[in-house]
Amino acid sequence: MQNPDVFSGTCTIRFLSRHGQFREAFALYVQMRRSGLCLSTFAVSSALKACARIVNKMGGMSIHAQVHKYGFCGVVYVQTALVDFYSKLGNMETARKVFDDMVEKNVVSWNSILFGYLKSGDLALAESVFDQMPKKDVISWNSMISGYGRARNMEQACSLFRQMPERNSASWNAMISGYVDCGKIELARTFFEAMPQRNNISVITMISGYSKCGDVDSACKLFDQMGEKDLFLFNAMIACYAQNSRPKEAFQLFNKMLQPNVNIQPDKMTLASVLSACSQLGDLGFGTWIESYMNQLGISMDDHLATALIDLYAKCGSIDKAYELFHGLQKKDLVAYTAMILGCGINGRANDAIKLFEEMMDAQIYPNLVTFTGLLTAYNHVGLVEEGYQCFTSMRKHGLLPSADHYGIMVDLLGRAGRLEEAYELIKSMPMQPHAGVWGALLLACRVHNNVEFGEIAAKHCFELEPDTSGYCSLLANIYASVGRYPSWCRPCWMMSKVNLLENVQSFFFFEFQNKFYCFWEGQ
DNA sequence: TCTGTTGGTT
């Protein structure tokens with residue numbers, strides 16, 4: 001663009017900022033300033049809004065300096081934009097300072113500082129601002145309601161919702177979102193049904209709520225009911241499939257979105273979910289296609305996308321490529337570290353996993369349950385029993401209660417090391433119901449060590465929990481065969497003669513367990 | 001001109 005005059009430049013910045021083109025708005029502002037043009041309060045407030053949205057800390061602070069230089073510091077729109085900028089950055093000290101210096105404050109100024117306190121989680125200060133406000137509009141009420149929602153205080157949210165003089169869709173959506181965050185999907189649905197005017201945001205919030213509680217069918221139903229579907233709706237549904245271990249359906253929907261009759265261009269959010277689906281399928285090829293597709297669309301890599309790719313490469317065994325991406329991250333967060341630790345764990349690089357964990361702790365990033373799944377997997381893979389046990393018991397020191405999956409890994413670790421009795425005792429000590437994976441780990445270990453005593457116990461539980469999985473039968477059969485024994489409740493099957501004709505099959509047994517019939521055979 | 005409710009990664 002040629003150097004614009006003040007008027008057209010200002011208009012363009014306002015237009016760009018109002019239409020979500022924040023980077024372009026800020027770039028134009030910089031261009032105008034560099035060409036020595038006199039800046040208007042309109043250009044400054046729009047540029048500040050842009051900096052707040054793209055979290056351009058340095059950009060916003062340099063505009064703040066220029067505000068003094070140009071003598072704009074008494075203009076309410078500019079000051080409000082500054083309060084909003086610092087609030088969005090989480091710098092509440094400066095936001096408050098600018099706010100307190102304002103001679104004239106409008107409702108937007110009050111809403112901006114209110115938002116800041118709510119965002120930083122300071123509910124007490126937010127409440128005091130809310131109470132002091134000379135005038136409240138629907139945005140003030142909505143902000144306070146969503147603040148209570150995020151703090152899981154739906155009683156207060158509900159009380160405000162009842163008191164508010166006027167409500168719009170955002171008020172209802174804030175209530176729905178609050179109930180979703182509290183895991184109260186039924187109550188969220190009640191508000192969803194009761195609201196006079198539902199919009200896409202209401203539907204997206206419900207879909208994400210159903211996704212979080214694993215109710216994919218209800219999410220799908222809502223999605224299908226929508227006539228015009230936008231990018232956000234597709235993203236919510238694709239994410240729902242990816243988050244609920246249904247990667248194939250995530251792909252199908254992604255594909256549908258690209259069809260000429262729908263023709264919606266995916267964005268970073270879409271691709272992050274699709275990459276997660278690739279990772280679940282172990283489809284490295286599709287993942288690298290996504291990388292080139294990103295270049296084609298001009299979508300730049302961000303840390304979220306890079307983390308999804310790290311997970312994909314690591315799970316597919318390309319640890320070096322994963323490390324490369326990991327080192328290139330702007331900011332290494334818990335999820336990124338966890339993806340790397342899991343990747344190293346799966347690939348038997350226990351030392352690397354431990355090193356990453358220590359590095360993470362040094363950076364004061366605290367582990368969660370998934371991080372420990374990665375670490376325990378690492379110890380398990382290389383058979384470091386004592387270290388694994390220590391790691392498992394250290395979870396409580398980090399304020400984490402091991403899940404059934406963590407117990408499962410420990411059972412596997414102890415079991416493979418031949419410590420079958422300890423593994424069994426660990427299962428008995430579980431505070432929750434062990435799932436088939438836990439008993440399956442013990443059964444597998446019994447097969448490795450040919451132990452009938454615990455093998456029978458484990459198999460019985462596996463049969464009960466997953467009667468349709470045939471693998472457990474053959475494991476047990478192999479345990480019996482290895483010691484030349486058959487269970488008391490096992491009797492020869494009439495099919496034996498037929499089966500004996502099959503190659504590689506010596507004998508075939510059919511047994512009854514709790515009114516269900518099972519069969520197993522012994523290979524040559 | 002400045003403010004709120006929605007979708008992503010382990």
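Proteins come first, then strands; the chains are lettered A, B, ... in the order of their sequence lines, and each starts at number 1.
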Report which part of the nucleic acid [X] touches: base, sugar-phosphate, or nothing (heavy-atom distance under 4.0 Å, all strands).
X      : answer
A:K49  : sugar-phosphate
A:R167 : nothing
A:S143 : sugar-phosphate
A:F115 : sugar-phosphate
A:K88  : sugar-phosphate
A:L305 : base
A:N199 : nothing
A:Q79  : nothing
A:A239 : sugar-phosphate
A:K105 : nothing
A:L231 : base

[N] phosphate, OP1 or OP2, under 4.0 Å from [X] side-chain N/O:
X      : N      : answer
A:R150 : B:dG4  : no
A:Q243 : B:dT10 : no
A:S276 : B:dT10 : yes

Taking the inter-plane angle between the rings of [X] and [Y] on a 0 to 90° scale, is it parallel (under 30°), tilted (30 to 60°) or perpendicular (over 60°)?
X      : Y      : result
A:F372 : A:H398 : tilted
A:F286 : A:W289 : tilted
A:F99  : A:W110 : perpendicular

Aromatic contact between [X] and [Y], with the criterion being ring centroids under 6.0 Å apart: yes or no?
X      : Y      : answer
A:Y407 : A:F392 : yes
A:W172 : A:F192 : no
A:Y337 : A:F357 : no

Rounded to the nearest Å, what distance is computed from the [atom1] atom of residue [X] to the [atom2] atom of nucleotide [N]?
X      : N      : atom1 : atom2 : value
A:D230 : B:dT6  : CG    : P     : 15 Å
A:N235 : B:dT9  : CG    : C1'   : 13 Å
A:I113 : B:dT3  : CD1   : C1'   : 12 Å
A:D84  : B:dT1  : CG    : P     : 15 Å
A:N173 : B:dG7  : CG    : P     : 11 Å
A:N111 : B:dT3  : CG    : P     : 10 Å
A:R53  : B:dT6  : CZ    : P     : 13 Å
A:D405 : B:dT10 : CG    : C1'   : 14 Å

Does A:S45 get its side chain close enough to the base of B:dT1, under 3.5 Å, for a donor-acceptor pair? yes
Donor-acceptor pair under 3.5 Å, A:D302 side chain vs B:dG8 base: yes
Looking at [options], which one has an atom nearest to any side-chain atom of [X]?
X      : options              : result
A:I204 : B:dT9, B:dT10, B:dT6 : B:dT6
A:S146 : B:dT6, B:dT5, B:dG7  : B:dT5
A:T41  : B:dT1, B:dC2, B:dT6  : B:dT1
A:S273 : B:dT3, B:dT1, B:dT9  : B:dT9
A:S208 : B:dT1, B:dT10, B:dG7 : B:dG7
A:D311 : B:dT6, B:dG7, B:dT10 : B:dT10
A:A308 : B:dC2, B:dT5, B:dT9  : B:dT9
A:A272 : B:dG8, B:dT6, B:dG7  : B:dG8
A:D267 : B:dT1, B:dG7, B:dG4  : B:dG7
A:V335 : B:dT10, B:dG4, B:dT1 : B:dT10

Is it true that A:H435 and A:D405 share a donor-acceptor pair across their side chains at a distance under 3.5 Å?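 Present: a donor and an acceptor within the cut-off.
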Going by centres under 5.5 angstrom and planes under 30 degrees, do the aromatic ring of A:F42 and the base ring of B:dT1 stack?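 Answer is yes, a stack.
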Can you measure from NZ (A:K355) to CE (A:M340) and round to the nearest 0.5 angstrom? 11.0 Å
